[in-house]
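Computed from a predicted model, the values in this text were never measured in an experiment. Chain identifiers are assigned alphabetically (A, B, ...) following the order of the sequence lines, protein sequences preceding nucleic acid strands; residue numbering begins at 1 within each chain.
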Number of protein chains: 2
Amino acid sequence: MKIERTDTGMIDRRVARTRALLQDALITLVPERGYAPITVEDICEKANVGRSTFYTHYAGKEELRSATIDEHLRLLGNRQPSSPLETSDRLFEFSRPMFEHAHALRFLHRALLASSGDTIHDKFRERIRRAVRSELIGRRIDEAGGSLEVAVQFISGAFLAVLAWWIAADTGLSPAQVDALFQQMATRAGGREF
Amino acid sequence: MKIERTDTGMIDRRVARTRALLQDALITLVPERGYAPITVEDICEKANVGRSTFYTHYAGKEELRSATIDEHLRLLGNRQPSSPLETSDRLFEFSRPMFEHAHALRFLHRALLASSGDTIHDKFRERIRRAVRSELIGRRIDEAGGSLEVAVQFISGAFLAVLAWWIAADTGLSPAQVDALFQQMATRAGGREF
DNA sequence: CCGCTTCTGAACACGATGTTCAGCATGATA
DNA sequence: TATCATGCTGAACATCGTGTTCAGAAGCGG
């Protein structure tokens with residue numbers, strides 16, 4: 001069976017209801033056990049929706065998750081670019097609204113963006129974080145308000161992104177070259193207290 | 001059945017052979033299809049190892065991957081800390097050896113570290129990357145040797161790491177505060193050409 | 001060469017996926 | 001309100017991957 005739209009383009013209430021129930025169920029379930037171990041049946045049970053019904057809406061767990069995210073990201077996308085005239089020359093305008101939005105929907109983000117459940121990645125990341133942390137401690141005298149941890153996350157995140165990109169993309173850059181570029185940015189990032 | 005060691009602590013050749021075959025099979029398979037869709041049976045077939053044998057060595061796919069990584073990371077770990085006396089005050093000493101190592105074993109890294117196959121994360125990351133890229137273009141005049149892309153990866157990686165940490169850890173920091181810290185580091189990272 | 005360990009492949013139980021369908025319930029429309 | 005098209009249901013089914021078990025074959029170490 002397949003879900004169509006009415007001639008007028010309206011969405012049947014039953015369809016809207018079912019989809020909302022399923023998405024809510026997913027969002028409720030993920031924080032409890034994590035995403036990976038959840039089954040379609042779990043979701044249906046929590047949502048009080050027949051399993052066969054699930055498949056008339058989504059091809060599987062992944063598609064439900066994807067649709068859920070998309071629907072919420074669309075809301076974020078529909079913001080006016082913070083007054084188009086006011087072209088401040090502050091860099092990285094995007095960050096503030098992102099932080100705001102993530103904070104407002106932090107439960108959703110926790111449920112759907114956090115925990116890829118990827119053991120390997122996490123192991124590797126933790127390794128890097130430790131290295132960065134130990135290099136930062138002792139260089140910075142004062143660390144009020146957990147800004148050390150922000151710096152650790154900042155630097156290690158940057159490093160891993162550059163590393164992953166460099167390995168995957170097979171640019172012509174030699175290890176020494178990427179490292180030089182990374183070093184330059186990383187060192188500057190900390191400012192004078194480094 | 002369970003694999004033990006001989007009294008002398010030696011590893012039976014058959015055991016070594018089997019494990020090597022399985023690890024190699026995994027490394028061969030991942031670049032072809034990605035990690036997620038690979039089944040234990042696939043691995044066994046590629047490795048020419050009985051499926052029941054697989055389970056006498058590893059509890060599942062994940063454990064095999066974990067063991068494979070660990071075994072290779074151990075090789076990296078056994079490096080002397082680049083002459084302990086030479087305590088250069090160059091920051092982030094860790095990065096250079098990492099880049100070197102990743103380059104040497106780049107096929108392994110591509111196979112096991114790249115592509116978590118996580119659709120959602122990737123979508124989100126790409127969104128950020130685009131935002132960063134568009135903010136950087138136009139500000140930087142000269143972009144020789146793909147250093148723009150390095151900057152994009154650097155900044156977006158840093159942003160996502162900070163965001164993920166902040167959402168997950170529930171520190172007391174307000175959106176404005178995290179953003180301020182992020183902005184400070186990000187702006188500095190680019191140096192004067194920003 | 002002997003004895004012990006590992007490998008093998010087939011069989012089994014299990015759980016989750018994804019599909020199908022006949023019948024029921026509900027929303028849209030007039 | 002009546003009608004009818006559409007969505008929901010639940011049970012049944014086929015399929016697939018997982019993880020276990022075991023008896024016999026093969027290979028290793030001593």
Tell me whether the side-chain N/O atoms of B:His57 come closer than 4.0 Å to OP1 or OP2 in C:dC7.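 Affirmative; the distance criterion is met.
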Measuring to OP1 and OP2 of C:dT19, would you say a side-chain N or O of A:Tyr55 lies under 4.0 angstrom away?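 Negative; the distance criterion is not met.
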Parallel, tilted or perpendicular: ring planes of A:Phe182 versus B:Phe92, cut at 30 and 60 degrees: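 It falls in the tilted class, 30° to 60°.
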Can you tell which of C:dC7, C:dT6, C:dT17 lies closest to the side chain of B:Asp12?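 That would be C:dT6.
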Nucleotide of D:dT18, C:dT26, D:dC28 approaching A:Arg14 most closely (side-chain heavy atoms):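 Closest of the options to the side chain of A:Arg14: C:dT26.
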Value in whole Å for how far the [atom2] atom of [N] lies from [atom1] of [X]:
X	N	atom1	atom2	value
B:Phe54	D:dG17	CZ	P	14 Å
A:Glu45	C:dA16	CD	C1'	14 Å
A:Glu62	C:dA16	CD	C1'	16 Å
B:Ile38	D:dC16	CD1	P	19 Å
B:Glu41	D:dT15	CD	P	16 Å
A:Ile11	D:dG7	CD1	P	11 Å
A:Leu21	D:dG7	CG	P	16 Å
A:Arg13	D:dC8	CZ	P	14 Å

Do B:Val15 and B:His57 have side chains that get closer than 4.5 Å, going by heavy atoms?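 Counting from C-beta outward, B:Val15 and B:His57 do come under 4.5 Å.
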Does A:Lys61 make a cation-pi contact with A:Tyr35, if we ask for NZ or CZ under 6.0 Å from the ring centre and within 45° of the axis?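 That pair qualifies as a cation-pi contact.
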Of B:Arg51 and A:Ser52, the one whose closest DNA chain C nucleotide lies more 5':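 Here B:Arg51 is the residue nearer the 5' end.
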Select base, sugar-phosphate, or nothing to describe what B:Asp42 touches, counting heavy atoms under 4.0 Å on all strands.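 No contact at all - B:Asp42 keeps every heavy atom at 4.0 Å or more from the nucleic acid.
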NA contact type, A:Thr53, heavy-atom cut-off 4.0 Å: base, sugar-phosphate, or nothing?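 It contacts base atoms.
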Pairwise 5' ranking along DNA chain D for B:Arg17 and B:Val40, keeping only the more 5' one: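 Its nucleotide being nearer the 5' end, the pick is B:Val40.
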Minimum-distance pair of heavy atoms, taken over all atoms of A:Val162 and B:Val150: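 Closest approach of A:Val162 to B:Val150: CG2-O, 4.0 Å.
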Do A:Phe159 and A:Phe154 have their ring centres less than 6.0 Å from each other?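 No, the ring centres sit 6.0 Å or more apart.
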